[in-house]
Student: 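So that we are looking at the same thing, I have put the structure below in structure tokens.
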Amino acid sequence: MAVRLTTAQDFSTLIDKYDTWMFDCDGVIWRGDHMIEGVIDVLRMLRGRNKKIVFVTNNASKSRKSYKTKFDQLGVPVSVDEIYGSAYAAAVYLSSVLKLPKSKKAYVVGMQGLEEELAEEGISYIGGTDPADNTLIPFSLADFTPDPDVAAVVCGLDTSINYTKLSKAFQHLLKNEGCHFVATNGDSTFPSAHGLLPGAGAIWAPLQSATGRDPVCTGKPSTIMLDCIKAKIDYDPKRTIIVGDRLDTDILFGQRGGLSTLLVLTGITSEAEIYGPNPSRIIPDFVARSLGDLRVLLGQPN
């Protein structure tokens with residue numbers, strides 16, 4: 001049974017127990033472009049107590065540098081090295097695990113953030129934000145020949161998804177021998193400031209259906225994301241906790257990595273999924289209404 005945290009003593013004990021704090025962003029730190037109340041105070045308090053802070057997001061629409069800009073705009077001091085996104089994990093997977101030859105390239109179904117991370121890792125790419133792929137002109141196979149140098153199709157969140165992109169990605173997967181199918185994450189939805197929207201998993205699902213292939217997902221709950229963090233940050237899993245709003249990504253990610261887990265109820269998961277008559281099989285160690293509730297330790301109301 002997940003422990004429900006409500007009192008100042010609950011939160012004080014929690015903070016004393018963990019040295020490294022990993023945070024999801026959407027639904028935990030902010031919703032859309034709005035900070036969740038009290039979170040800035042809590043992050044400042046954790047830093048003041050010399051806690052190591054890491055932000056781990058499945059949102060692949062932004063690169064780590066772009067996320068740094070968003071943090072800055074919202075008044076949260078962070079360094080790029082504290083940010084780990086699924087777009088970054090996908091790029092590292094292509095460069096360091098698959099060791100994609102320099103002569104090869106990726107076809108991108110995704111946004112500028114994914115392109116920026118691929119470029120940082122020295123991966124050539126086509127598609128993505130290319131105007132030729134963001135078109136209302138109906139796609140025709142008569143006018144298209146797959147690029148033989150495309151060795152991977154990489155899919156992330158794409159708010160400009162269209163039939164042309166899906167068709168080109170499908171053709172590369174179908175006709176380029178050994179073409180890898182990589183997805184930044186499998187999130188079916190993500191929380192915006194005004195409610196839920198389709199996530200990256202909903203973008204690549206048509207390709208999964210058409211090809212009969214499952215992509216390699218590099219974001220949470222995949223251990224690929226954790227490997228990226230381990231390569232850069234020294235931490236003790238027994239003294240590390242991840243704070244998230246989704247059971248099937250954040251909490252499962254923590255469990256697979258041997259971390260403790262704290263679910264907050266400001267994003268996707270509802271309280272009924274934990275304490276209701278038909279609870280989820282994925283149960284966090286702790287549950288709190290909001291990350292901002294920890295500011296009770298500063299003498300502020302939660």
Side-chain angles (χ1 to χ4, degrees), residues 58 60-61 63 84-130 132-135 139-158 160-188 199-231 249 253 256:
N58 265 1
S61 65
S63 65
Y84 291 83
S86 62
Y88 172 66
V92 170
Y93 179 75
L94 289 179
S95 66
S96 301
V97 178
L98 297 181
K99 300 186 184 301
L100 210 67
K102 294 297 182 182
S103 60
K104 299 298 183 179
K105 64 186 74 168
Y107 182 81
V108 173
V109 178
M111 300 167 69
Q112 184 177 348
L114 179 53
E115 294 176 330
E116 290 175 358
E117 296 292 13
L118 290 171
E120 284 285 330
E121 288 295 313
I123 304 295
S124 299
Y125 61 86
I126 59 175
T129 60
D130 187 338
D133 290 57
N134 292 269
T135 176
F139 179 81
S140 171
L141 271 177
D143 304 320
F144 178 73
T145 301
D147 185 333
D149 292 330
V150 169
V153 168
V154 187
C155 297
L157 182 66
D158 190 335
S160 299
I161 189 64
N162 59 26
Y163 193 72
T164 293
K165 292 180 182 179
L166 291 174
S167 297
K168 289 185 177 182
F170 173 71
Q171 290 299 313
H172 286 118
L173 289 169
L174 186 68
K175 296 181 177 178
N176 288 14
E177 184 177 357
C179 187
H180 299 279
F181 186 13
V182 179
T184 58
N185 64 85
D187 291 9
S188 57
I203 301 300
W204 54 255
L207 293 174
Q208 180 189 42
S209 177
T211 63
R213 292 176 58 183
D214 293 328
V216 172
C217 288
T218 60
K220 297 173 291 183
S222 170
T223 56
I224 293 173
M225 175 74 93
L226 200 59
D227 289 341
C228 288
I229 299 172
K230 286 179 180 177
T249 54
F253 174 74
R256 287 179 174 177

Student: With heavy-atom distances below 4.5 Å as the criterion, would you say the side chains of Ile161 and Val109 are in contact?
Tutor: yes

Student: Rounded to the nearest 0.5 Å, what separates atom OG in Ser63 from atom CE in Met111?
Tutor: 11.5 Å

Student: Which pairs, with at least one residue in residues 207-222 and sequence neighbours excluded, count as a salt bridge (charged side-chain N to carboxylate O under 4.0 Å, His left out)?
Tutor: Asp24-Lys220, Lys220-Asp250

Student: Go through it in stages, so that I can follow the logic: the residues are Glu115 and Thr129, the test is side-chain hydrogen bond (donor to acceptor under 3.5 Å, both in side chains), and I'd like the CA-CA distance, side-chain angles, deciding distance and then a yes or no.
Tutor: CA-CA 8 Å; Glu115 294 176 330; Thr129 60; 2.9 Å; yes

Student: What pair of heavy atoms forms the shortest contact from Leu157 to Ala60, and how long is it?
Tutor: N-CB, 4.4 Å

Student: What's the shortest heavy-atom distance between Val154 and Ala106, and which atoms?
Tutor: CG2-CB, 3.9 Å

Student: Measure across Lys104 and Pro148 and return the closest heavy-atom pair with its distance rounded to 0.1 Å.
Tutor: NZ-O, 3.8 Å

Student: Taking the side chain from Ser96 and the backbone from Tyr93, do they hold a donor-acceptor pair closer than 3.5 Å?
Tutor: no

Student: I need the Gln208 CD to Leu173 CG distance, nearest 0.5 Å.
Tutor: 12.0 Å

Student: Quick one: pull up CG in Asn134 and OG1 in Thr164 and give me the separation to the nearest 0.5 Å.
Tutor: 9.0 Å

Student: Ignoring hydrogens, what is the shortest heavy-atom contact between Leu118 and Leu94? Give both atom names and the distance.
Tutor: CD2-CD1, 3.6 Å

Student: Does Phe144 CZ have over 12 foreign heavy atoms under 6.0 Å away?
Tutor: yes

Student: Got a second to check how far Phe170's CZ is from Lys175's NZ, nearest 0.5 Å?
Tutor: 8.5 Å

Student: Tell me if the CD atom of Glu121 is crowded by more than 12 foreign heavy atoms within 6.0 Å.
Tutor: yes

Student: Rounded to the nearest 0.5 Å, how far apart are CD of Glu117 and CG of Leu114?
Tutor: 8.0 Å

Student: With a 4.5 Å limit on heavy-atom distance, are the side chains of Phe139 and Lys168 in contact?
Tutor: yes

Student: Under 4.5 Å between any side-chain heavy atoms of His180 and Val216, yes or no?
Tutor: no

Student: How long is the straight-line distance from CE of Met225 back to CZ of Arg256, given to the nearest 0.5 Å?
Tutor: 13.0 Å

Student: Quickly, which of Asn176, Asp147, Asp133 forms a side chain to side chain donor-acceptor pair (under 3.5 Å) with Tyr107? Name it, please.
Tutor: Asp133

Student: Locate the shortest heavy-atom distance separating Gly156 from Ala200; write the atom from each residue and the value.
Tutor: C-CB, 3.9 Å

Student: Within the 4.5 Å heavy-atom criterion, are Phe181 and Cys155 side-chain neighbours or not?
Tutor: yes

Student: Provide the closest heavy-atom pair for Asn185 versus Cys217 in the form atom of the first, atom of the second, distance.
Tutor: C-SG, 4.1 Å

Student: Checking side chain to side chain contact (heavy atoms under 4.5 Å, CB included) for the pair Asn58/Thr184: CA distance, chi angles, key distance, verdict?
Tutor: CA-CA 7 Å; Asn58 265 1; Thr184 58; over 6 Å; no

